[in-house]
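For clarity, every value in this text was computed on a predicted model and none was experimentally measured.
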Amino acid sequence: MRQTRPPLGALLLGAVTLLPCLSGAEPPVTPIALADTAFVASLPTYVPQEKVSGTIRIWGHGSPKHEFINGLVGRWMEGFNRFQPGVKLDNRMYGTASAIGALLAGAGDIALLGEEISPAAAAAFERAKGYPPTGIQVATGSLDVNFFDYAHMIFVHRDNPLAHLSLAQLDAIFGAEHRRGAPKNLRTWGDLGLTGEWADQRIQPYGWKVDEDFALFFREAVLGNSHRWNTDLKEFVHIIRPDGTQYDHGQQILDALARDRFGIAISNVRYANPQVKALALGVRADGPFFAPTPANLIAQTYPLVRIIPAFIDRAPGQPMDPKVREFLSYILSREGQQALLDESSYLPLGAEIIRAQREKLK
């Protein structure tokens, strides 16, 4: 059963106590502190650079059965039309898999994805066009809301003395080629500097099935696109129980870790239990290291944050379609990001991230 948080703008927020998930129950969703999103009210408002008209054709993230983002897109267009009444929307939200193909074929003006672009889709576009698609970030993935690109997190047993890891260490633990520069694969806790009873214990990794979307993101973000995983990895997929409820792969992973003091796991805080703890992560071996918090996701300092992008077809040196530029500018404005808070479970983009995205519109 799909679980979503109420729109972020509608939450009353405070301290959160992490509780174990009861068998068959939906995991709890962590409220987001108002302080984490208060900056949206100070973002620049949308100021049209020119009056535009015509139809914007949007393909991508959506489903006839699930209201992932259609409501948000409609809210964006409603607000945009207050400034640009001459623009109409042709909304073809049939799913992320349709988006880049429609852009490549010229059937769409904007490809709105539900996750980062796949290497295969990016390569196919560039082979056909001779240049890559132009990507503009429009939202940050959620902390822990299912179907809203929750952050990938690394867990160990609560008895484990580790507090943080670098991406190079993660690569050497979960992978087999250590492309991020570790001198060797890391297979025991002693390889990570742990002593005493931990020193000789073999690390047992747990994670997603390696050929599914979640693992493909991890492969890109951590393993340097290496296809060679640690052969000790225990992979998990969703299980449907006899009563028809789903036992999520992320829940299975952390349930297994709770029983294994010497394990390490990829999952998410929505599935956490009192026997496990999440590690802070850093890009460099000497830090800084960042915990998976809403503020760090919004700022994109946490390395395994998920991003919601829009892609357009813009040949090098050529101007952007004015109506597309204006619409994307609206999405990146105070009004557009507030609509995202009101209508979805995504997190907004940080102010610095928005400034960088707006530079791409020039």
Side-chain angles (χ1 to χ4, degrees), residues 2-21 25-40 61 66 68-69 72 113-116 137-156 164-165 170 207-208 213-214 217-218 221-222 248-251 253-254 257 265-274 276-282 288-309 337-354:
R2 178 175 177 237
Q3 180 199 10
T4 62
R5 165 194 288 117
L8 291 181
L11 288 175
L12 296 175
L13 305 167
V16 177
T17 300
L18 189 61
L19 299 175
C21 178
E26 284 287 354
V29 175
T30 305
I32 305 301
L34 290 175
D36 291 330
T37 59
F39 73 92
V40 171
H61 185 32
H66 298 297
F68 293 140
I69 204 170
L72 173 58
L113 276 57
E115 60 190 3
E116 299 79 6
Q137 297 180 27
V138 299
T140 304
S142 74
L143 175 72
D144 62 352
V145 185
N146 208 7
F147 297 103
F148 286 85
D149 274 14
Y150 55 64
H152 286 221
M153 301 174 189
I154 304 302
F155 292 84
V156 293
H164 56 73
L165 286 170
L170 271 185
W208 327 108
D213 285 350
F214 280 53
F217 166 77
F218 189 86
V222 176
D248 282 9
H249 51 8
Q251 189 72 63
I253 289 168
L254 292 190
L257 181 63
I266 314 165
S267 189
N268 179 266
V269 69
R270 68 185 272 109
Y271 303 115
N273 61 69
V276 304
K277 67 177 183 180
L279 300 179
L281 300 178
F289 299 96
F290 297 94
T293 65
N296 288 339
L297 299 184
I298 291 169
Q300 296 186 21
T301 53
Y302 180 71
L304 299 186
V305 61
R306 305 300 304 272
I307 299 300
I308 302 301
Q337 293 295 294
Q338 185 60 54
L340 183 144
L341 288 175
D342 293 342
E343 295 289 338
S344 81
S345 294
Y346 291 114
L347 293 167
L349 295 171
E352 291 296 324
I353 307 302
I354 287 176

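Residues Glu116 and Ile307 meet the side-chain proximity criterion, which asks for heavy atoms closer than 4.5 Å. With a 4.5 Å cut-off on side-chain heavy atoms, Thr140 and Tyr346 do not count as touching. Looking at heavy atoms from C-beta onward, Ile154 lies in side-chain contact with Phe218 at the 4.5 angstrom threshold. Looking only at side-chain heavy atoms (C-beta outward), Gln337 and Thr37 stay at 4.5 Å or farther from each other. Inter-residue side-chain proximity for Leu279 and Phe155 is flagged as unmet; no heavy-atom pair is nearer than 4.5 Å. Within the 4.5 Å cutoff, the side chain of Tyr271 has no heavy atoms near those of the Val276 side chain. Side-chain contact between Leu340 and Leu72 is present, with at least one heavy-atom pair separated by less than 4.5 Å. The side-chain heavy atoms of Ser344 and Ile69, taken from C-beta on, include no pair separated by under 4.5 Å.
Here the CZ-OG distance, from Phe147 to Ser345, works out to 12.0 Å after rounding to the nearest 0.5 Å. Distance check, rounded to the nearest 0.5 Å: CD of Gln338 to CD of Glu343 gives 10.5 Å. Note: Leu143 CG to Phe148 CZ = 14.0 Å, rounded to the nearest 0.5 Å. Of the inter-residue distances, the one linking Asn273 atom CG with Leu257 atom CG reads 7.5 Å to the nearest 0.5 angstrom. To the nearest 0.5 angstrom, Ser267 atom OG is 3.5 Å from Leu254 atom CG.
Pairing each heavy atom of Phe289 with each of Ala280, the nearest pair is CB-CB, 3.9 Å. Pairing each heavy atom of Phe217 with each of Val305, the nearest pair is CZ-O, 3.7 Å. Taking all atoms of both residues into account, the shortest heavy-atom contact from Pro348 to Phe39 is CG-CZ, 3.8 Å. Considering every non-hydrogen atom in both Leu347 and Gly141, the closest pair reads CD1-O, 3.4 Å.
Taking the ring centroids of Phe214 and His249, they lie under the 6.0 Å cut-off.
No donor-acceptor pair closer than 3.5 Å links the side chain of Asp144 to the backbone N or O of Asn268.
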- request: Show your working on side-chain contact (heavy atoms from CB on, under 4.5 Å) between Arg270 and Asn146 and close with a plain yes or no.
  value: CA-CA 9 Å; Arg270 68 185 272 109; Asn146 208 7; 3.6 Å; yes
message: The test is side-chain contact (heavy atoms from CB on, under 4.5 Å); show your working for Val156 and Lys277 and say whether it passes.
response: CA-CA 6 Å; Val156 293; Lys277 67 177 183 180; 3.7 Å; yes
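For Asp149, the side-chain contact (heavy atoms from CB on, under 4.5 Å) partners two or more places apart in sequence, or in a different chain, are Glu115, Arg306, Ile308.
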Donor-acceptor list for residues 295-304 side chains, cut-off 3.5 Å, not counting sequence neighbours:
{"from": "Asn296", "atom 1": "OD1", "to": "Thr301", "atom 2": "OG1", "distance (Å)": "3.3"}
{"from": "Asn296", "atom 1": "ND2", "to": "Ala291", "atom 2": "O", "distance (Å)": "2.9"}
{"from": "Asn296", "atom 1": "ND2", "to": "Thr293", "atom 2": "OG1", "distance (Å)": "3.3"}
{"from": "Gln300", "atom 1": "NE2", "to": "Gln137", "atom 2": "OE1", "distance (Å)": "2.7"}
{"from": "Thr301", "atom 1": "OG1", "to": "Asn296", "atom 2": "O", "distance (Å)": "3.4"}
{"from": "Tyr302", "atom 1": "OH", "to": "His152", "atom 2": "O", "distance (Å)": "2.7"}

